[in-house]
Amino acid sequence: MLAQLRGQIPHSAAKSPFISSDGGRDAKVTSVYWQGVLVSALNPKVAIFFLAFLPQFVVAGAGPVGAQLFLHGSLIIVVAAFIEPPLVMMGAKLGAFLKASPRVGMWMDRGLGGMFIALGARLAASTR
């Protein structure tokens with residue numbers, strides 16, 4: 001069956017499950033950025049999180065509640081603007097490393113699989 005699957009997958013993608021088979025299509029940075037903005041703006045979980053998280057930081061005598069919530073939300077966005085880009089760049093380097101060395105990815109999969117098996121065995125052995 002594996003041989004049949006390899007016949008359907010391009011040879012470069014058949015070598016490693018970590019290499020994308022989309023033909024190397026490059027997206028424009030602005031397109032990716034605006035797609036991220038749209039996804040974030042339309043994600044109701046973000047609004048629910050901020051509505052649940054930010055009110056605990058409102059001080060009764062410190063001014064209008066709306067202004068305090070706006071300030072706290074703005075500060076979170078500013079801090080994220082400095083923290084997230086380096087994380088994205090490190091993730092891109094890690095992705096490139098995993099694409100260049102599929103053996104590392106294979107061993108990561110094996111380690112993760114072993115961890116799941118161990119957690120399942122522990123759960124099965126629990127008395128509760």
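Values reported hereafter were calculated over all heavy atoms of this structure, with side chains retained and with hydrogens, waters and symmetry mates removed.
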Parallel, tilted or perpendicular: which one describes the rings of F49 and F53, with boundaries at 30° and 60°?
parallel

Cut-off 3.5 Å, no hydrogens considered: what does the side-chain donor-acceptor table look like for residues 62-89, sequence neighbours left out?
{"unit_1": "Q68", "atom_1": "OE1", "unit_2": "V59", "atom_2": "N", "d": "2.8"}
{"unit_1": "Q68", "atom_1": "NE2", "unit_2": "V59", "atom_2": "O", "d": "2.9"}
{"unit_1": "Q68", "atom_1": "NE2", "unit_2": "G63", "atom_2": "O", "d": "3.0"}
{"unit_1": "H72", "atom_1": "ND1", "unit_2": "Q68", "atom_2": "O", "d": "2.9"}
{"unit_1": "S74", "atom_1": "OG", "unit_2": "F70", "atom_2": "O", "d": "2.8"}

Return yes if some donor-acceptor pair links the side-chain N/O of S101 with the main-chain N/O of L98 below 3.5 Å, else return no.
no

Over 12 non-hydrogen atoms of neighbours within 6.0 angstrom of CZ in R110:
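Yes, enclosed.
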
